K.L.:
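First the structure, then my questions, so here it is.
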There are 2 protein chains.
Amino acid sequence: MREPFHPPTESISLASVMHAMSDPVRLEIVARLAGSDGENCGGIGDGIDVHKSTMSHHYRVLREAGVTRTTLEGRSRVVRLRHDDLEARFPGLLTSVLAALRRTGPTGG
Amino acid sequence: MREPFHPPTESISLASVMHAMSDPVRLEIVARLAGSDGENCGGIGDGIDVHKSTMSHHYRVLREAGVTRTTLEGRSRVVRLRHDDLEARFPGLLTSVLAALRRTGPTGG
DNA sequence: ACGACGGTTTTACGAACGTCCAACCATTGA
DNA sequence: TCAATGGTTGGACGTTCGTAAAACCGTCGT
């Protein structure tokens, strides 16, 4: 079980972050990560109705964009928002996205 | 020459806005609109090296997502950021994106 | 040793995307 | 009236995306 790749903070690109957070499923993941104090989702895709391989794919997109960090703590993966890194790179961006999610949800309505 | 469609502020979706601002060309457009006090780009795609029909496409994506407003003033189109509408709908979002663009540019480097 | 569990990888496929070209439309100016 | 200008529309083409199925991998429990 190897540690997956994460982009260093300085090379996180705005376009990638925006793209990562442009899919409803991934926005839902982000919302839950924010809600659960940055823990994982308690088993991949708990309550999100997509195949586990699809969830794995979405987690990878978020991770490779620099939005989340996946660590291997003990025997299970833990996914967290890279809150501080994103704040350092793009101040206010994640915060406003989270606020928007709280307001309207991913699809906004 | 008919006025094109714009979504009302209340029905602007987060996912659509994020998607609209996830493409380097469109981020460049947004950056220029912000820099030029919300005027148009002085002729479509001035200095952005894509075909004019491609620019037209990108302008449409931004407009239909609710990021920009295209008006027909006199004889020419004028494109503006929907700054106030976006601020009302998703407070801080556009502001932080513009700040990010100033910092790192669309592709972030 | 073996199966169950949790997750990744590979592959496949339809849909959506970004791009260009060509044709078109509306307005301006000669 | 005709050409030029500025922009949109409709294909077309190759790429990327989101999704699921199937196979695989590492760890745990028994």
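As the structure is a prediction and not an experimental result, all values here were calculated from the model. In what follows, chains carry the letters A, B, and so on, assigned in the order in which the sequence lines appear, proteins first and then strands, with residues in each chain numbered from 1.
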K.L.:
When you measure from the side chain of A:E3 to the backbone of A:T71, do you find a donor-acceptor pair of N or O atoms at a distance under 3.5 Å?
P.N.:
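The answer is no, because no donor-acceptor pair under 3.5 Å joins these two groups.
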K.L.:
Rounded to whole Å, how long is the line connecting atom NZ of A:K52 with atom P of C:dT9?
P.N.:
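It is 13 Å, rounded to the nearest whole Å.
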K.L.:
Has B:R89 got a side-chain atom pairing as donor or acceptor with B:I12's backbone, closer than 3.5 angstrom?
P.N.:
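Side chain of B:R89 to backbone of B:I12, a donor-acceptor pair under 3.5 Å: yes, one is there.
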K.L.:
Taking atom P of C:dG18 as reference, at what distance in whole Å does atom CG of B:L62 sit?
P.N.:
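That distance rounds to 10 Å.
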K.L.:
Over how many whole Å does the gap from A:E28 atom CD to D:dG18 atom C1' extend?
P.N.:
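In whole Å, D:dG18 C1' lies 16 Å from A:E28 CD.
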K.L.:
Between D:dA20, C:dT8, C:dC20, which nucleotide gets closest to the side-chain atoms of A:R77?
P.N.:
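Closest nucleotide among those given: C:dT8.
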K.L.:
From the list C:dT19, C:dT8, D:dG18, which nucleotide is the closest neighbour of the side chain of B:H57?
P.N.:
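Out of C:dT19, C:dT8, D:dG18, the nucleotide with an atom closest to B:H57's side chain is C:dT19.
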K.L.:
Is the side chain of A:S11 donor-acceptor paired with the backbone N or O of A:P7 at a distance under 3.5 Å, no angle test?
P.N.:
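Checking the backbone N and O of A:P7 against the side chain of A:S11, no donor-acceptor pair under 3.5 Å is found.
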K.L.:
Starting at atom CG of B:L72, determine the distance to atom P of C:dT27, rounded to an integer number of angstrom.
P.N.:
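So the two atoms are 10 Å apart, to the nearest Å.
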K.L.:
What are the two closest heavy atoms between B:A20 and B:V67, and how far apart are they?
P.N.:
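Heavy atoms of B:A20 and B:V67 come nearest at CB-CG2, 4.1 Å.
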K.L.:
Between D:dT8, C:dT19, C:dT8, which one does the side chain of A:S56 approach most closely?
P.N.:
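Nearest to the side chain of A:S56 among the choices is C:dT8.
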K.L.:
Do the side-chain N or O atoms of A:T54 get closer than 4.0 angstrom to the phosphate oxygens (OP1, OP2) of D:dA20?
P.N.:
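Yes.
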K.L.:
Quickly work out the A:L27 CG to D:dG18 P distance and round it to whole Å.
P.N.:
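So the CG-P distance, A:L27 to D:dG18, works out to 11 Å.
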K.L.:
Where the side chain of A:R26 meets the backbone of A:L62, is there a donor-acceptor pair that is under 3.5 Å apart?
P.N.:
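No; zero donor-acceptor contacts below 3.5 Å.
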K.L.:
Would you give a per-nucleotide map of nucleotides 10-16 of chain C, 5' to 3', where B means the base has a protein non-hydrogen atom under 4.0 Å away, S means only the sugar-phosphate does, and - means neither?
P.N.:
-------
K.L.:
Would you indicate, yes or no, if C:dT19 has its OP1 or OP2 atom less than 4.0 angstrom from a side-chain nitrogen or oxygen of B:H51?
P.N.:
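No.
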K.L.:
Taking B:L101's backbone N and O only, do any of them form a donor-acceptor pair with B:T104's side chain (distance below 3.5 Å, no angle check)?
P.N.:
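No, B:T104 side chain to B:L101 backbone: no donor-acceptor pair under 3.5 Å.
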K.L.:
Taking CD from A:E3 and P from D:dC25, how many angstroms apart are they, rounded to a whole number?
P.N.:
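Going from CD in A:E3 over to P in D:dC25 covers 20 Å.
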K.L.:
To the nearest Å, give me how far apart CE (B:M55) and P (D:dG7) are.
P.N.:
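These atoms are roughly 10 Å apart.
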K.L.:
Please check: side-chain N/O of A:R63 versus main-chain N/O of A:F5, any donor-acceptor pairing under 3.5 Å?
P.N.:
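Yes; at least one donor-acceptor contact below 3.5 Å.
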K.L.:
Can you check the A:Y59 OH to C:dT9 C1' distance for me, whole Å?
P.N.:
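That distance rounds to 18 Å.
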